[in-house]
Participant: 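Mind looking over this structure? Questions follow.
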Amino acid sequence: MLVDNEDLVRRGFRQALGEAPYITVVADTRVGEEALRMAELRRPQVVLVDAECEFIRKLAQPSGTALAGVAPGIIVLTSNALDSHLLGSLKAGARGFLLKSASQDELISAVRAVADGAAFLCPTMTRRLIDRFEILPPPHERSHAVALASLSGRETQVLCGIAMGRSNQEIAHELHVTLATVKSHVSRILAKLELPNRMHAALMAQRSGLVHPPQPPRAKQAAAAPCPPAARPEPVVRRAW
């Protein structure tokens with residue numbers, strides 16, 4: 001479902017997603033009560049929205065609203081690249097964050113990841129988030145070690161998978177369990193750690209040293225190395241006198 005106050009923006013993203021297999025846009029609407037009613041009626045797995053945090057919170061945490069019992073994955077799609085907007089959106093319950101300048105491939109990848117229960121951040125904002133661990137709320141002032149000690153061995157394995165950016169399906173395959181079992185573990189992990197979503201759980205695992213965030217592969221040194229002096233042609237100097 002697409003939620004944006006600009007008709008042309010919604011039309012563009014509908015077209016981009018319409019070209020992707022296994023993705024169906026079930027509705028598009030402006031921000032407001034109509035969007036909440038539409039989400040209740042169509043029950044989308046994923047909502048792409050450009051809105052203030054309060055509206056995002058109503059979609060992501062529907063208790064007491066018209067969306068009671070419905071909790072779609074929220075992807076914030078915005079031209080606002082401020083850290084405050086990123087952190088506010090994640091605190092409100094968003095599971096994805098994309099800039100409107102994102103490529104079609106990024107958009108499709110984000111929708112599929114969030115539909116599978118994972119999280120997705122555009123590369124531009126990932127480093128900012130890692131550098132801003134203060135969004136992680138301490139569970140009743142307990143240390144991370146104490147909080148993590150409350151997890152079972154299997155829950156710890158699932159948490160490590162989350163922290164490494166793996167989807168529920170990938171974790172299930174690695175641990176040789178069903179997808180439903182992984183989803184159950186994720187729910188218990190969030191409840192025990194008193195965290196709102198898996199993004200916060202991943203940050204806690206990385207901050208505590210349980211895992212280290214995956215590093216991008218380094219480019220081959222030979223490719224980046226400057227041309228050795230012997231291989232450089234001597235400059236031609238013409239003197240006129």
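Values in this document were obtained by computation on a predicted structure and should not be read as measured data.
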Participant: State plainly whether one hydrophobic cluster holds both Leu2 and Met38, where clusters connect Ile, Leu, Val, Met, Phe, Trp and Tyr through side-chain heavy atoms under 4.5 angstrom apart.
Facilitator: no
Participant: Closest heavy-atom contact between Ser167 and Ala118?
Facilitator: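 Nearest pair, atom of Ser167 first, then Ala118: CA-CB, 4.1 Å.
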Participant: Tell me, yes or no, whether the heavy-atom count around Glu34 atom CD, taken from other residues, nucleotides or ligands under 6.0 Å, exceeds 12.
Facilitator: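 Yes, because the 6.0 Å sphere around CD of Glu34 holds more than 12 heavy atoms from other groups.
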Participant: Quick check on the hydrophobic clustering: are Phe120 and Ile56 connected, directly or via other members, by side-chain heavy-atom contacts under 4.5 Å?
Facilitator: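 Looking at the clustering, Ile56 is in a separate group from Phe120.
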Participant: Suppose we screen for side-chain hydrogen bond (donor to acceptor under 3.5 Å, both in side chains). Which residues come up paired with Asp28, at least two apart in sequence or across chains?
Facilitator: Arg10, Arg14
Participant: Determine, using the 4.5 Å side-chain heavy-atom cutoff (strictly less than), whether Leu121 and Ile75 are members of one ILVMFWY cluster.
Facilitator: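 The answer is no; the residues belong to distinct hydrophobic clusters.
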Participant: Say you draw a straight line from CD of Glu155 to CG of Leu148; how long is it, rounded to the nearest 0.5 Å?
Facilitator: 11.0 Å
Participant: Do the side chain of Glu40 and the main chain of Arg37 share a donor and acceptor less than 3.5 angstrom apart?
Facilitator: no
Participant: Kindly say whether Ala16 contributes a backbone atom to a donor-acceptor pair with the side chain of Gln104 at under 3.5 angstrom?
Facilitator: yes
Participant: Would you check if the side chain of Arg95 reaches a backbone N or O of Ile74 as a donor-acceptor pair within less than 3.5 Å?
Facilitator: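 No: the side chain of Arg95 does not pair with the backbone of Ile74.
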Participant: Going from CD on Glu6 to CZ on Phe13, what distance comes out if it is rounded to the nearest 0.5 angstrom?
Facilitator: 10.0 Å
Participant: Does a side-chain heavy-atom distance below 4.5 Å link Leu36 with Leu59?
Facilitator: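 Leu36 vs Leu59: side chains touch.
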Participant: Any non-hydrogen side-chain atom of Val46 less than 4.5 Å from a side-chain atom of Met1?
Facilitator: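 No, side chains not in contact.
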Participant: Check the surroundings of atom NZ in Lys183: do more than 12 heavy atoms from other residues, nucleotides or ligands lie under 6.0 Å from it?
Facilitator: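 Atom NZ in Lys183 is not packed in, count stays at 12 or less.
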Participant: Check Val9, Leu107, Val3, Leu99 against Leu77 for a side chain to side chain contact (heavy atoms under 4.5 Å, CB included) and give me the one that passes.
Facilitator: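 Answer to the side chain to side chain contact (heavy atoms under 4.5 Å, CB included) test with Leu77 among Val9, Leu107, Val3, Leu99: Leu107.
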Participant: I'd like to know if the side chain of Gln206 and the backbone of Ala163 have a donor-acceptor N/O pair within less than 3.5 Å.
Facilitator: yes
Participant: Could you tell me which non-hydrogen atom of Pro44 sits nearest to which non-hydrogen atom of Val26, and how far apart they are?
Facilitator: CB-CG2, 4.1 Å
Participant: Quick one, Pro72 and Gln45 - any side-chain contact, counting heavy atoms below 4.5 Å?
Facilitator: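 When only atoms from C-beta onward are counted, Gln45 and Pro72 do not touch, as no gap falls below 4.5 Å.
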Participant: With the side chain counted from C-beta on, respond yes when Leu17 and Ile108 share a heavy-atom pair under 4.5 Å apart, and no when they do not.
Facilitator: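 Contact flag for Leu17/Ile108 side chains = yes.
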Participant: Determine whether the side chains of Gln157 and Glu174 contain a donor N or O and an acceptor N or O closer than 3.5 Å.
Facilitator: no
Participant: For the pair Asp4 (side chain) and Asp7 (backbone), establish whether a donor and an acceptor sit closer than 3.5 Å, ignoring hydrogens and angles.
Facilitator: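 Absent.
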Participant: How long is the straight-line distance from CZ of Arg166 back to NE2 of His173, given to the nearest 0.5 Å?
Facilitator: 11.0 Å
Participant: Please give me the minimum heavy-atom distance between Ala102 and Leu98, naming the atom from each residue.
Facilitator: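 Shortest heavy-atom separation between Ala102 and Leu98 comes out as CB-CD2, 4.1 Å.
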Participant: Whether the side chain of Ser184 engages the backbone of Ala180 through a donor-acceptor N/O pair (distance < 3.5 Å, no angle test) should be reported.
Facilitator: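 No, Ser184 side chain to Ala180 backbone: no donor-acceptor pair under 3.5 Å.
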Participant: Counting N and O atoms only, with roles assigned by atom type, does the side chain of Lys100 sit under 3.5 Å from a partner on the main chain of Thr78, one being a donor and the other an acceptor?
Facilitator: no
Participant: In Å and rounded to the nearest 0.5 Å, what is the CZ to CD distance from Arg112 to Gln169?
Facilitator: 14.0 Å
Participant: Determine whether Leu210 and Cys160 make a side-chain contact, defined as any pair of heavy atoms from C-beta on separated by less than 4.5 Å.
Facilitator: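 Yes, their side chains come closer than 4.5 Å.
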Participant: Would you say Leu195 ends up clustered with Val182 if hydrophobic residues are merged whenever their side chains have heavy atoms under 4.5 Å apart, either directly or through other cluster members?
Facilitator: yes
Participant: Look at the side chain of Arg198 and the backbone N and O of Gly117, then say whether any donor-acceptor pair between them is shorter than 3.5 Å.
Facilitator: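 Yes; judged by distance alone, with no hydrogens or angles, the pair exists.
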Participant: Verify the neighbour count for atom CD of Glu106: are there more than 12 heavy atoms of other residues, nucleotides or ligands below 6.0 Å?
Facilitator: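 Yes, the 6.0 Å shell around CD holds more than 12 heavy atoms from other groups.
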Participant: To the nearest 0.5 Å, what is the distance between CD1 (Ile162) and CG (Asn168)?
Facilitator: 7.0 Å
Participant: Could you pull out the closest heavy-atom pair between Ile189 and Leu159, with the gap in Å?
Facilitator: CD1-N, 3.8 Å
Participant: Just how far is it from atom NE2 of His176 to atom CD1 of Ile171, taken to the nearest 0.5 Å?
Facilitator: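 Between atom NE2 of His176 and atom CD1 of Ile171 there are 13.5 Å.
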Participant: Using modelled atom types only, decide if a donor and an acceptor are shared between the side chain of Asn197 and the backbone of Met199 within a distance under 3.5 Å.
Facilitator: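 Checked: pair present.
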Participant: For Thr178 and Thr181, test the side chains for any donor-to-acceptor distance below 3.5 angstrom and give the result as yes or no.
Facilitator: yes
